[in-house]
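Worksheet: the structure to be examined is printed underneath.
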Amino acid sequence: MTQDIRTQLGLRPVINVSGTMTSLGASIVVPEAVDAITRVLSQFVEMGALHRRASTAIAELTGAEAGFITASCSAAISLAVAAAITGDNLWAIEQLPDTGSLKNEVLIQSGHMVSYGAPVEQAIRMAGGKVVPVGQATSAYAYQLAGAITERTVAAVFVVSHHVVDYAQIPLKTFAEVCHARGVKVIVDAASEYDLRKFLADGADVVLYSGHKFLGGPTSGICAGDKEFVRNIYLQNRGIGRGMKIGKEGIVGVIAALEGWKLRDHDGIRARERKALDLWVEALQGRPGVSATIVPDPTDNPLDRLKVDIDPETARITAWDMASALAAGDRPVIVRDHEAEHGHFFLDPCNLHPDEEAIVAERLIEELDRALRSNEVIFTPLAERWLAQEAAILKWLD
């Protein structure tokens, strides 16, 4: 049996029930991509020709006119904004992020100004874009979008994510109609979305996906959209895109993942995920202070997660302390805890290896039993937890 490379490198053998999170390596790369990457690593290719081949693969799957692959979806945001600013002006491409007299205002709804590990607006600024918020965090209207468009407006970014405010935002179709009426390009960040066609159908000029999330490719960002716009994104490799370039192995791996997507047994995958969810529901049934509910994905991806609500007075532990306990020890389980302050966390089965769902169930019971034996409720003040998380960022090499 091949030794787990994590053990060989001295890394913790974590089980990921958080989802397609970059901080955990995003996803399990599909066998087709692993094979393609291995076969190209020792070969030379003409990169321009390889990018054209990738464009064909992206267009076939998404219905776009053309496609391009870069280092990540974050890089794709910067390059798409850059392309909107420079067009095919090679001199301007070399000047970025200095935009000079070029149009550089980029609109984004305030409720979409989120962090995916870094602020989305920083990806816009990196390209020389001037961020112009639209509306307020809790509401945005078409008249506010129309009113924000000036003679300096060059693009608008629309974010599809579980992080964004999920009410009182401008729908994409309306967003695109308002922008296109004034000649403004619409860039959709759909990094972790299953549907590879609906955002173009709803009016996006270019849609950006992560190749390394649900597609199961290597770390990458996919741009799909209008042929001229995509060509201008590709041209950014002569400027700021040089530091965001992707290698031959990444491009070949994404092509293989895209082609594999068409043949994937999506129903079979959902059935395996449901089996894990049902196991966890059964394991948590009747546990003091614990309520487990299967819930749909908030952005309409065809998948479910388990929402685990914790009553600390009865369970003797808070949701966030439970998440921390699961992540510790010899069998670390990383849950989706971005809303833990509301008393719950989620278990996402999409990145499980065979039989790991049973280990997750065991760890849940183990930590819940440990908490019940506690003389006091295990309660870390949230302010302390957040400060500890900040401090941990700065201790990376300690």
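Predicted model only: the values in this text are computed from it and were never measured.
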Shortest non-hydrogen pair, Val206 vs Cys223, comes out as CG2-CB, 4.1 Å
Looking only at heavy atoms, the pair that brings Ala319 and Gly343 closest together is CB-C, 3.5 Å
request  = Evaluate whether atom CG of Leu11 has more than 12 neighbouring non-hydrogen atoms of other residues, nucleotides or ligands under 6.0 angstrom away.
outcome  = yes
### Query
Cut-off 3.5 Å, side chains only: do Asp311 and Thr314 have a donor facing an acceptor?
yes
Exercise for review: Report yes or no: is the cationic atom of Lys213 (NZ for Lys, CZ for Arg) under 6.0 Å from the centre of the six-membered ring of Tyr194, at an angle within 45° of the ring normal?
Suggested key: no
Leu352 and Leu306: same hydrophobic cluster, using ILVMFWY side-chain contacts below 4.5 Å?
yes
Under a 4.5 Å cut-off applied to non-hydrogen side-chain atoms, are Leu368 and Val290 in contact? yes
Regarding Ser27 and Thr20, do their side chains bring together a donor and an acceptor under 3.5 Å, going by distance alone?
no
To the nearest 0.5 Å, atom CD1 of Ile222 lies from atom CG of Leu196 at 7.5 Å
Mutual orientation of the aromatic rings belonging to Tyr209 and Phe199 [parallel < 30°, tilted 30-60°, perpendicular > 60°]:
tilted
- Do the side-chain N and O atoms of Asn104 and Arg152 include a donor-acceptor pair separated by under 3.5 angstrom? yes
Between His180 and Asp205, do the side chains contain an N or O donor and an N or O acceptor separated by less than 3.5 Å?
yes
Margin query: Under a 3.5 Å cutoff, is there a donor and acceptor pairing between the side chains of Asn16 and Ser18?
Written below: no
Please check if the number of heavy atoms outside Glu362 that lie under 6.0 Å from its CD is greater than 12. yes
Honestly curious: do Leu235 and Leu96 fall in one hydrophobic cluster under the side-chain, below-4.5 Å linking rule? yes
In Glu259, Glu60, Glu46, the residue satisfying salt bridge (charged side-chain N to carboxylate O under 4.0 Å, His left out) with Arg53 is Glu259
* With a cut-off of 6.0 Å (strictly less than), are more than 12 heavy atoms of other residues, nucleotides or ligands near NZ of Lys395? -> no
| query | Is the number of heavy atoms from other residues, nucleotides or ligands within 6.0 Å of CZ (Arg238) greater than 12? | reply | no
Smallest heavy-atom separation, Ile28 atom then Asn351 atom, equals N-OD1, 3.2 Å
With distance as the sole criterion, is a donor-acceptor pair present between the side chains of Thr380 and Asp321 under 3.5 Å?
yes
Nearest heavy-atom approach of Ile246 to Ala71 is CB-N, 4.2 Å
Next on the checklist: Salt bridge check, Glu376 against Arg316: does any charged N sit closer than 4.0 Å to a carboxylate O?
Outcome noted: no
query = Would Met244 and Leu208 show up in the same hydrophobic cluster when neighbours are defined by side-chain heavy atoms closer than 4.5 Å?
reply = yes
Next on the checklist: Would you say Val281 ends up clustered with Val335 if hydrophobic residues are merged whenever their side chains have heavy atoms under 4.5 Å apart, either directly or through other cluster members?
Outcome noted: yes
For this session: Answer yes or no: does atom CE of Met21 have more than 12 heavy-atom neighbours from other residues, nucleotides or ligands under 6.0 Å?
Result: yes
Which of Val157, Val131, Val132, Ile108 passes side chain to side chain contact (heavy atoms under 4.5 Å, CB included) with Glu121? Answer is Val131
Q | From CA spacing to verdict: side chain to side chain contact (heavy atoms under 4.5 Å, CB included), Val120, Ile77 | A | CA-CA 8 Å; Val120 67; Ile77 296 170; 4.0 Å; yes
Original post:
Do Lys307 and Phe345 meet the cation-pi criteria used here (NZ or CZ under 6.0 Å from the six-membered ring centre, within 45° of the axis)?
Top reply: no
ask   = Is it true that Lys173 and Glu177 make a salt bridge, defined as a side-chain N closer than 4.0 Å to a carboxylate O?
value = no
(message) Run the side chain to side chain contact (heavy atoms under 4.5 Å, CB included) test on Val106 and Lys130 for me, step by step, so that the C-alpha distance in whole Å, both residues' side-chain angles and the decisive distance to 0.1 Å come before the verdict.
(response) CA-CA 6 Å; Val106 180; Lys130 179 183 177 183; over 6 Å; no
Check your understanding: Is the count of non-hydrogen atoms from other residues, nucleotides or ligands lying under 6.0 Å from Lys248 atom NZ greater than 12?
Key -> yes
Heavy-atom closest pair (Leu61 atom, Arg197 atom, distance to 0.1 Å) is O-NE, 3.2 Å
| Taking atom CZ of Arg52 as the centre, does the number of heavy atoms from other residues, nucleotides or ligands within less than 6.0 Å exceed 12? | no
Using the rule that two of Ile, Leu, Val, Met, Phe, Trp, Tyr join whenever any of their side-chain heavy atoms come within less than 4.5 Å, decide whether Ile269 and Val30 are in one cluster. no
So, Asp265 and Arg270, do they make that salt bridge, N to O below 4.0 Å?
no
- prompt: Is it true that Glu339 and Arg305 have a side-chain N and a carboxylate O under 4.0 angstrom from each other?
  reply: no
- Query: How are the rings of His344 and Phe346 set relative to one another: parallel (under 30°), tilted (30 to 60°) or perpendicular (over 60°)?
  - Reply: perpendicular
Is the His163 to Tyr116 ring centre distance short of 6.0 Å?
-> no
Exercise for review: State whether Glu193 and Lys198 are salt-bridged, where the test is any N-O pair (Lys NZ or Arg NE/NH1/NH2 against Asp/Glu carboxylate O) under 4.0 Å.
Suggested key: no
(request) Would you tell me whether Thr86 and Gln236 have side-chain atoms, one donor and one acceptor, within less than 3.5 Å of each other? (result) yes
*Salt bridge check: are Arg373 and Asp369 linked by an N-O gap of less than 4.0 Å?*
no
